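Structure first, then comments.
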Amino acid sequence: MAKLIITEDGRDKVYEIVDDRFTIGSGPDADLQLRAEGVAPLHVTVQRTKAGFRLIDMETREGTSVNGKTVNEHVLANGDTIQVAGVKITYIGKGPTRAAAAAKKAAPKLESSKYYRHAEPKKASSAQLLIVALAAVGGLILILWVGGFFGAPPKLDQQQSELAEAVRLTEEGATSDKVKEKVPQVLKKYANQSDLDDRQKALYKKLKANWDLIQQNLGNIEAAKQAQEEFVALYNSKLKTPDAYDLHEKMAKDWLAKYERLSTPELARVKTMLEELENMRTASPEDKEMLRVKGMILASIQDKELQRGQRALNEMDPKVRTGHPEFVDDMTRMLRMKSRQWLGVRKNDVREYLRDDKYDPARARQIAIDSIFTKLIYSTIEDYLASPDKYSQANNQEAELKTQALLRELLAQMKPDY
């Protein structure tokens, strides 16, 4: 199993990767939370692809580097060192070899990186420098002309100027409100090209082509958003009703018919889902039971109701449970790891109301019951209390100790229903 080794303030901890997609950051919504200063609430996203795990920087101020080089996106190779603000993360697992990564680095880029926050600016070519120099000379002549050295300036070509400005807008801000308002007006105004000269007609043709491309891209963006929403609905339905093969097969085929041309990230997952559904029809009763339990566990993780997932594992067919101990171990580890991740966030919520400047023990108690003791697995709470996180005590030791005392009190009073 792939894993990340996080080195933070001289301490190492291991994060096992069990999800196809997860986020790293300092905020409560991040799956892997980092405490270091400079880490954005959602700093990077890591997503499983055919090539391996792809790391994507979320356009953060501090940026993200891999092996000492600032990156926007990067497919992780075994041993890669990721730097997120002051935190060092080492990736251990499958991925492209170093030779393949080097070959990919040497290959020509298919997409420009000029809009990426941390991309290095491209050096101007000699042709570009020549254009800049000519523009400077032209500007100087215009200034002298206006100043009276060459007489009155010629009358500006209003039509060509307006068309050229519209073309520039389409190339510099394809989705801005100004483009959406200005370009259609210019296209309508000069739709009858009988009074345009050849240069103006060429500008009009370019403007029309740019605008058509913008409209196409905007349509694709909206369609991709809709495709993602419908995929989430399909995925959730499959998790919560894993036996509804016919329904999910129809939903998956309908999704493909509508969105296959877009080549969105969900495309491969829908095709894989169809293959799994076909295999499920001929699966053995034991395999169906394991798939059913796994679906319920994944749904409980998504809903942040981990006790429900533990209950499903406990109530699994005893024969299947006994015959597949490795499956039970994997599911147990997945539930405990997620529970441990979320315990840290929820514990901080409790601790917030046990500080001297915001002391409200009743509210802290209710948060602990609602978000920890009715949702997370008790074993993670017991593990935490057996060896508390000493690092966090540096922030507010008194509030941390009060939090531990409250959790011990509730643990003694409440019993899990799974």
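Quick caveat: nothing in here was measured; it's all calculated off a predicted structure.
- Side-chain N/O atoms of Asn314 and Gln310 include a donor and acceptor closer than 3.5 Å.
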**Study point:** Stepwise side chain to side chain contact (heavy atoms under 4.5 Å, CB included) test for Tyr353 and Arg365
**Key:** CA-CA 9 Å; Tyr353 291 96; Arg365 183 185 185 88; over 6 Å; no
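- Nearest heavy atoms, Ala77 versus Tyr91: O-CD2, 3.2 Å.
- Across Ser237 and Leu247, no two heavy atoms sit closer than the pair OG-CD2, 4.1 Å.
- Atom CZ of Arg355 and atom OG1 of Thr403 lie 8.5 Å apart (nearest 0.5 Å).
- Minimum interatomic distance between Ile297 and Gly309 (heavy atoms only, all atoms of both residues): CG1-O, 3.6 Å.
- For the pair Lys304 and Trp342, the distance from NZ or CZ to the six-membered ring centre is under 6.0 Å and the angle to the ring normal is within 45 degrees.
- Between the CD atom in Gln158 and the CG atom in Leu163 there is a gap of 10.0 Å [rounded to 0.5 Å].
- By the 4.5 Å heavy-atom criterion applied to side chains, Gln307 and Tyr378 are counted as neighbours.
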**Study point:** Leu267 and Trp255: CA distance, side-chain angles, deciding distance, side chain to side chain contact (heavy atoms under 4.5 Å, CB included) verdict
**Key:** CA-CA 9 Å; Leu267 178 61; Trp255 190 97; 3.9 Å; yes
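- Environment of NZ in Lys250: sparse, with no more than 12 heavy atoms of neighbouring residues, nucleotides or ligands closer than 6.0 Å.
- Checked by atom type and distance alone, the side chain of Gln83 pairs as donor or acceptor with a backbone atom of Ala85 at under 3.5 Å.
- Taking 4.0 Å as the cut-off between side-chain N and carboxylate O, Asp303 and Arg308 count as a salt-bridged pair.
- Checked by atom type and distance alone, the side chain of Ser65 never pairs as donor or acceptor with a backbone atom of Gly68 at under 3.5 Å.
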Check your understanding: Stepwise, does the salt bridge (charged side-chain N to carboxylate O under 4.0 Å, His left out) test hold for Lys238 with Glu249?
Key -> CA-CA 10 Å; Lys238 186 173 180 295; Glu249 183 179 52; over 6 Å; no
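- When the shell of 6.0 Å around NZ of Lys288 is examined, it contains more than 12 heavy atoms from other residues, nucleotides or ligands.
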Practice item. Show your reasoning for whether side-chain hydrogen bond (donor to acceptor under 3.5 Å, both in side chains) applies to Asp383 and Thr380. Key: CA-CA 5 Å; Asp383 291 344; Thr380 61; over 6 Å; no
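- Checking Lys50, Arg48, Arg54 one by one against Asp20, the salt bridge (Lys or Arg N to Asp or Glu O under 4.0 Å) holds for a single residue, Arg48.
- With contacts defined as side-chain heavy-atom distances shorter than 4.5 Å, the pair Glu230/Leu234 does not qualify.
- A distance of 10.5 Å separates OG in Ser26 from CD in Glu37, rounded to the nearest 0.5 Å.
- Side-chain N/O atoms of Asn236 and Gln302 include a donor and acceptor closer than 3.5 Å.
- Between the side chain of His43 and the backbone N or O of Gly63 there is at least one donor-acceptor pair closer than 3.5 Å.
- Across all their heavy atoms, Leu42 and Thr60 have their closest contact at O-CG2, 4.1 Å.
- Remark: Arg269 qualifies as a cation-pi partner of Tyr235 under the 6.0 Å distance and 45° angle criteria applied to the six-membered ring.
- Between atom CD of residue Gln341 and atom NZ of residue Lys338 there is a gap of 4.5 Å, rounded to the nearest 0.5 Å.
- In summary, the side chains of His74 and Asp80 do present a donor paired with an acceptor at a separation below 3.5 Å, with no hydrogens or angles considered.
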Review point. So Tyr245 and Glu278, side-chain hydrogen bond (donor to acceptor under 3.5 Å, both in side chains) or not? Walk me through it.
Key: CA-CA 8 Å; Tyr245 307 131; Glu278 184 63 29; over 6 Å; no
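- The pair Glu222-Lys225 does not count as a salt bridge, with every side-chain nitrogen at least 4.0 angstrom from each carboxylate oxygen.
- None of Val84, Val14, Leu32 except one satisfies the side chain to side chain contact (heavy atoms under 4.5 Å, CB included) rule with Ile6; the exception is Leu32.
- Side chains of Tyr190 and Gln159 form a contact here, defined as non-hydrogen atoms less than 4.5 Å apart.
- Heavy-atom minimum distance, Gln200 versus Asp197: N-OD1, 2.8 Å.
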Practice item. Given salt bridge (charged side-chain N to carboxylate O under 4.0 Å, His left out), test Glu260 with Lys271 step by step and report yes or no. Key: CA-CA 10 Å; Glu260 189 169 15; Lys271 289 182 176 179; 3.6 Å; yes
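- Note: Arg199 CZ to Leu203 CG = 8.5 Å, rounded to the nearest 0.5 Å.
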Point to revise | Evaluation steps, side chain to side chain contact (heavy atoms under 4.5 Å, CB included), between Leu274 and Lys253 | key: CA-CA 8 Å; Leu274 277 172; Lys253 287 182 176 179; 4.1 Å; yes
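- Between Glu73 and Asp57 there is no side-chain heavy-atom pair separated by less than 4.5 Å.
- Side chains of Leu313 and Thr332 form a contact here, defined as non-hydrogen atoms less than 4.5 Å apart.
- Using a 4.0 Å cut-off between charged nitrogen and carboxylate oxygen, Glu305 and Arg311 do not count as a salt-bridge pair.
- Residues Ser371 and Leu376 have side chains not in contact (no heavy-atom distance under 4.5 Å, counting atoms from C-beta outward).
- Between Tyr15 and Phe22, the ring planes lie tilted relative to each other; the angle falls in the 30° to 60° range.
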**Study point:** Working for side chain to side chain contact (heavy atoms under 4.5 Å, CB included), residues Val345 and Gln33
**Key:** CA-CA 9 Å; Val345 180; Gln33 293 183 326; 2.7 Å; yes
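- Minimum heavy-atom separation, Tyr204 to Ala191: OH-CA, 3.5 Å.
- For the atom pair CD1 (Ile301) and CG (Leu306), the distance works out to 6.0 Å, reported to the nearest 0.5 Å.
- Environment of CG in Asp329: crowded, with over 12 heavy atoms of neighbouring residues, nucleotides or ligands closer than 6.0 Å.
- The only member of Ile89, Thr23, Ile24 that meets side chain to side chain contact (heavy atoms under 4.5 Å, CB included) when paired with Val46 is Ile24.
- Ion pairing of Glu289 with Arg321 is absent here, as no side-chain N (NZ or NE/NH1/NH2) approaches a carboxylate O to less than 4.0 Å.
- With salt bridges taken as basic N to acidic carboxylate O contacts below 4.0 Å, none links Lys88 and Glu8.
- Between Asp212 and Lys208, at least one side-chain N (NZ, or NE/NH1/NH2) sits under 4.0 Å from a carboxylate O, which counts as a salt bridge.
- A 6.0 Å sphere centred on CE of Met296 holds no more than 12 heavy atoms belonging to other residues, nucleotides or ligands.
- For the pair Thr241 (side chain) and Ala244 (backbone), a donor-acceptor distance under 3.5 Å is absent.
- Put simply, the side chain of Phe373 reaches to within 4.5 Å of the side chain of Ile381, judged on heavy atoms.
- Salt-bridge annotation for Lys258 and Asp254: absent, with no side-chain N of the basic residue lying under 4.0 Å from a carboxylate O of the acidic one.
- Look at Lys347 and Glu400 and you find a salt bridge, because one of the NZ, NE, NH1 or NH2 atoms lies within 4.0 Å of a carboxylate O, short of that distance.
- By the 4.5 Å heavy-atom criterion applied to side chains, Lys375 and Arg346 are not counted as neighbours.
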